[in-house]
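Chain letters run A, B, ... following the sequence lines, proteins first and then strands; every chain starts at 1.
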2 protein chains.
Amino acid sequence: MITTSFTEENYLKAIFHLSPQEAEAVSTNAIAEALQTKAASVTDMLKKLADKNLINYVKYQGVTLTDIGQQAAINIIRKHRLWEVFLVDKLNFKWDEVHELAEDLEHINSTKLIDSLEVFLGFPKVDPHGDPIPDKNGVLKEPALVPVSKMNINQTGIISGVKEHSTLFLNYLEKAGLVLGKQVKVQDLIEFDGSVIIALDKQLLTISRDVAKNILIAV
Amino acid sequence: MITTSFTEENYLKAIFHLSPQEAEAVSTNAIAEALQTKAASVTDMLKKLADKNLINYVKYQGVTLTDIGQQAAINIIRKHRLWEVFLVDKLNFKWDEVHELAEDLEHINSTKLIDSLEVFLGFPKVDPHGDPIPDKNGVLKEPALVPVSKMNINQTGIISGVKEHSTLFLNYLEKAGLVLGKQVKVQDLIEFDGSVIIALDKQLLTISRDVAKNILIAV
DNA sequence: TAATTTTTTTAGGCTAACCTAAAAAAATTA
DNA sequence: TAATTTTTTTAGGTTAGCCTAAAAAAATTA
Ligand SMILES: [Mn+2]
Ligand SMILES: [Mn+2]
Ligand SMILES: [Mn+2]
Ligand SMILES: [Mn+2]
């Protein structure tokens, strides 16, 4: 078993999230932006992760995760999402209050802890933001969700996830009543600025393109 | 609010545990031994903690915690003990399996998290080893317990705490039936080697001086 | 294709937390 | 009190993770 530091784990997770379809190489700059650090620092770390066989790295050509690196990343995501469920279901946190804390808790290293937590929580399938929770074997099933921005007029669906996890965004959704489980129908699409008019609880509501891109629907 | 690193927090906690009665100065070597590090490293850190006003440090004369340092230490202990209760009560860990994990969890920084956890656990007064849990205002009441080694012949009491937290020791106690809540009576004291013969569940049991020193009794 | 811009890497430095070896101070023993 | 031992500090060095500035490579535009 390779051990990974707090920082290395954050890099692995960032690379995972930045390569939606596997084998798609992630750039140094993209990682730097995701982790709010500098490109030179990223290059340093990429060398280290490559030495540990966690990523495939060829100078100037971006990186992909190795199988080991991907399993490590998925494991961190598993911990992150289970802790989020714990905070919301057991400690009564709101869904917009858990991300930062889970960002730290995900680095606590104990298989027994996380597997026990999963049992205690009743094997949840998704986290408070609708994201799927990998099982203990590292199997992660991404549900087929589409952003509101990709829906057609008159199409109906259930809000089942969000792409953005910031407090600011989630708080806005909460206030607008756009929470997981709600049914929405696309009433109209404004071509000019990409905003969308949706029907929610029989009320009409206009959301910006930015918001529409970050709400995920099961259609 | 001063922020403290993982390492600084471990130093503060070590200093706290090493000065049973406050104002009793703790030596560089004692800290080095407690933290399994070298005296030179301790000196480095003492300078840093003194700069942050967390300890009173005079060269060659050991250290004491300042009021701020003591509050910081107690807060870490509060977190440590609440996490231990969580692991045992909610996740079904055994009392000999929680210490190392709590050693990491205690550094997660969120007042809301720890206060919510305390509510969720029902405001426990003591951790799985009988150690008292400081309240959110940092008030810590040490119960008056005596080690078995200080009891008199024929004296009776309830096992209410342990001084040593290693898996090895706790596991031994568990197997011997020496768990929290049990009544014990001192049957005989062997002066030669300090071992003690106790009555437990109407059976006689001999324990070494080392064991006797580490079991705490409410008499 | 040549020039320019953007991306990435290298070079050299910083800080936190550690280390060993040597020096200095304090405590103990003779 | 003097000599010796123990404790503590200082000096100088390492590694992880970060930084800025400069150099090199790749991509884009003319
Ligand atoms: Mn993280
Ligand atoms: Mn989430
Ligand atoms: Mn700790
Ligand atoms: Mn404990």
From [atom1] of [X] over to [atom2] of [N], roughly how many Å is that when rounded to an integer?
X: A:N10; N: D:dC18; atom1: CG; atom2: C1'; answer: 14 Å
X: B:F6; N: D:dA16; atom1: CZ; atom2: P; answer: 18 Å
X: B:K38; N: D:dA11; atom1: NZ; atom2: C1'; answer: 17 Å
X: B:H107; N: C:dA16; atom1: NE2; atom2: C1'; answer: 16 Å
X: A:D44; N: C:dC14; atom1: CG; atom2: P; answer: 16 Å
X: B:I31; N: D:dT8; atom1: CD1; atom2: C1'; answer: 12 Å
X: B:E33; N: D:dT7; atom1: CD; atom2: C1'; answer: 14 Å
X: A:K47; N: D:dC18; atom1: NZ; atom2: P; answer: 15 Å

Flag yes if more than 12 heavy atoms outside [X] fall under 6.0 Å of its [atom1] atom; otherwise flag no.
X: B:E33; atom1: CD; answer: no
X: B:E191; atom1: CD; answer: no
X: A:L168; atom1: CG; answer: no

Can you figure out which of [options] approaches the side chain of [X] most closely?
X: A:Y60; options: D:dT20, D:dT9, C:dT9; result: C:dT9
X: B:Y11; options: D:dT9, C:dC18, C:dT9; result: C:dC18
X: B:T7; options: D:dC18, D:dT9, C:dC18; result: C:dC18
X: A:A40; options: C:dA21, D:dT20, D:dT8; result: D:dT20

Can you check whether [X] has a side-chain N or O nearer than 4.0 Å to OP1 or OP2 of [N]?
X: A:K59; N: D:dA24; value: no
X: A:T43; N: C:dT10; value: no
X: A:N29; N: C:dT8; value: yes

Inset, instruction - Using Watson-Crick or G-U wobble pairs with both distances under 3.5 Å, give me DNA chain C in dot-bracket, 5' to 3', with [ ] for crossers and | for pairs to another strand. - result: ||||||||||||||||||||||||||||||
Inset, instruction - Look at the aromatic rings of B:H99 and B:H129 and report parallel, tilted or perpendicular, splitting at 30° and 60°. - result: perpendicular
Legend entry - salt bridge (charged side-chain N to carboxylate O under 4.0 Å, His left out) partners of A:E118, counting only residues at least two apart: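 Salt bridge (charged side-chain N to carboxylate O under 4.0 Å, His left out) check on A:E118 returns A:R78.
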Legend entry - Nearest-nucleotide comparison on DNA chain D, the residue closer to the 5′ end among A:T37 and B:S41: B:S41
Inset, instruction - Name the residue closer to the 5' end of DNA chain D, choosing between A:S5 and B:Y57 according to the nucleotide with the nearest heavy atom. - result: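 Taking each residue's closest nucleotide, the earlier one in sequence belongs to B:Y57.
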Legend entry - Separation of B:K79 NZ from B:S110 OG (nearest 0.5 Å): 8.5 Å
Inset, instruction - Give a yes or no on whether the ring-centroid distance for B:F86 and A:F86 is below 6.0 angstrom. - result: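 Under 6.0 Å, so yes.
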